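Here's the structure we're looking at; comments come further down.
Basis for what follows: all heavy atoms, side chains included, without hydrogens, waters or symmetry-related copies. In the text below, chain A, chain B and the rest are named by the order of the sequence lines, each starting its count at 1. Here the structure is a predicted model, which means the values were calculated and not measured.
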Amino acid sequence: MTTAARYHAPVPRPSVEAERRKQILDAACAMIAKHGLQELRVAEVATAAGLSSGTVHYYFDTKKELVNAAFEYNFANSLERRKWLRRAAGDPLERLREIIESYLPGKGKSLRAWRVWAELWAEGMRDPALRAVNESLYGQWRDLVRDTIAAAQHEGSAREGDPEQLANMLIGMVDGLAMQVLLHARAMPQQRMRETCAAFIDQLVAAKGD
Amino acid sequence: MAKHLHCEFRNALLVFPIVDSVDATRQRVREVLAGYPGSQRAFAGEIGLDPTKLSKSLTGTRRFLAAELTRIAEVGNVTVNWLINGSDEADTVSAVPRRTALPPVPPADSGRYRQILEAAWRLIAERGYHAVRVADVADVCGTSAATIHYYFPGRDDLLTEALRYSVKHAFDRQVAELHSIEDVHQRLLRLVELQLPTAGALRLEWSIWLQVWNESALRPELRVLHSDSYTRWQDTIARTIAEGQRQGVFTDTDPEELTVELAALIDGLGIQVLTGRPGRTIERMRRSLHAFVEREIVRG
């Protein structure tokens, strides 16, 4: 038997820690998406994770720490789910279409992720620390889109133009459309967002046929 | 939404009054002044105009600036549309807000109502809706919570009225700034310019919007107000594009599609500016929007 078991030491083994942390952050994201950041309570997160508030505090000293970690977790998850896309072979323009498609706020996980981002942005307007978090995370997403556009330009399947600006425009439009989808605007169902994004890529990015 | 936009096109006459209605505008400002409870000097102070300049503008040796008309509309509790075109509902450069998206007609003590509303709007924009208590609004106004409740019975009313206040401001500002720009390409660029989240009132309005988006995502009962307000904004873009197409200045792409893209682009780029590093700038947003307009809307 290990020393830990015999003395009932409170520190769990590393893999359990990682798992617990993940459980808590998952629950935090779910609560932020469901009730909004302003209504978030640590006790509520604990319950959703099936843990005690004390346990949550063991991992996150303050609510602010928990919230920051949740935002990072949310983003890291999103990127992770799309890792295969970043390495896919083939026409980068097609890859771009698939990347954007994969980001549409659909059901379940992607919708929840979007809600968390939206909450991050609203709070980020007032909190410089969150802005820094957003900028570093979002910068990675932006780089991915920019690099994919640049690769497509290199292959000749995308028009000329500053890939960074084109990426900003595409992402900007995706974000704007998503906000409407999130609030269930009748004028902007997910399908319409899909079509608008596809049209935008065709208009702005794709090389014109000969 | 598609049907609604098309109806707006067909009905929009887009008649722009000739600018000798400057006289009529001046007359209407005099009317507002006549109804003002204080002195002309006090009025000048409230609208932020030097008293001498106010006099000159009233007698016709000087023109009111767009920003001044916007302030006069606010202090006088009228719309810029009425000041310039003689009617709140006059068909004009900016889509007239639907009834539900306008502030309610305030009670007799409109000065007090305005004071509270402006305070609430500012606090919500600066601190976030959930952090603003009725007591905070009362403190800023030097009044009691009971008075606040008189004008805003429910806590939600603070947020919904703050949004309506923003919508009215944006509408007034757009009419004031755009009505005399005959070149439709320039008008579109100016319209876009007015959306940039520059420091001050525009940034505060953006803050309200971001919060309304999130609250509406959580609470279905807020969605009608949001939708009315947002539709109004899109209509304003759409009618500008439609006019440019009629004049042959803009390409023939489906105006509704262009409107949806441009509105969403503005929203998303605005979010980037507001939530990014201090360096993630308004200038970049401006350049991206201009690039979109030049690439996708302008013919040639």
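- For a residue to count as touching a neighbouring chain, one of its non-hydrogen atoms must lie under 4.5 Å from one of that chain's; by this rule A:A118 touches chain B with backbone and side chain alike.
- With a 4.5 angstrom heavy-atom cutoff, B:L269 touches chain A via backbone and side-chain atoms both.
- A salt bridge is defined here as a Lys NZ or Arg NE, NH1 or NH2 lying under 4.0 Å from an Asp or Glu carboxylate O, and A:R97 with A:D202 meets this definition.
- Chain A forms the most heavy-atom pairs under 4.5 Å with one residue out of B:P220, B:G270, B:A291, and that residue is B:A291.
- When heavy atoms are compared at a cutoff of 4.5 Å, B:R287 approaches chain A by way of both its backbone and its side chain.
- Heavy atoms closer than 4.5 Å to chain B are found in the side chain of A:M179, but not in its backbone.
- Both the backbone and the side chain of A:A122 come within contact range of chain B, with heavy atoms under 4.5 Å apart.
- Here the CG atom belonging to B:N214 is positioned 10.0 Å from the CD atom belonging to A:E123, to the nearest 0.5 angstrom.
- Per-residue heavy-atom pair counts under 4.5 Å with chain B were compared for A:V181, A:L120, A:I171, A:L204, and the maximum is reached by A:L204.
- Judged purely by atom type and a 3.5 angstrom limit, A:Q153 uses its side chain to pair as donor or acceptor with the backbone of A:G161.
- Residue B:Y129: no heavy atom, backbone or side chain, is found under 4.5 Å from chain A.
- Partners of A:E195 by salt bridge (Lys or Arg N to Asp or Glu O under 4.0 Å), not counting sequence neighbours: none found.
- Note on B:M285, B:E257, B:R219: by heavy-atom pairs under 4.5 Å with chain A, the leading option is B:E257.
- The aromatic rings of A:W141 and A:Y138 stand perpendicular to each other, their planes meeting at an angle above 60°, with 30° marking the opposite boundary.
- Heavy-atom pairs under 4.5 Å with chain A were tallied for B:T253, B:L218, B:L210, B:D267; the largest tally goes to B:L218.
- Residue contact with chain A, scored on non-hydrogen atoms closer than 4.5 Å, involves the backbone and the side chain of B:E261 alike.
- A side-chain donor-acceptor contact under 3.5 Å links B:Q245 to the backbone of B:T251.
- Counted by atom type alone, B:Y151 and B:Q115 present zero donor-acceptor pairs between their side chains at under 3.5 Å.
- Classified by interplanar angle (parallel below 30°, tilted 30° to 60°, perpendicular above 60°), the ring pair A:Y103/A:W114 is perpendicular.
- Residue B:H130 forms a side-chain hydrogen bond (donor to acceptor under 3.5 Å, both in side chains) with just one option from B:R155, B:E215, B:Q211, and that option is B:E215.
- Contact of A:A33 with chain B is made through the backbone alone, with heavy-atom distances under 4.5 Å.
- Interface residue B:E126: only backbone heavy atoms are found under 4.5 Å from chain A.
- Looking at B:S227, neither its backbone nor its side chain comes within 4.5 Å of chain A, counting heavy atoms on both sides.
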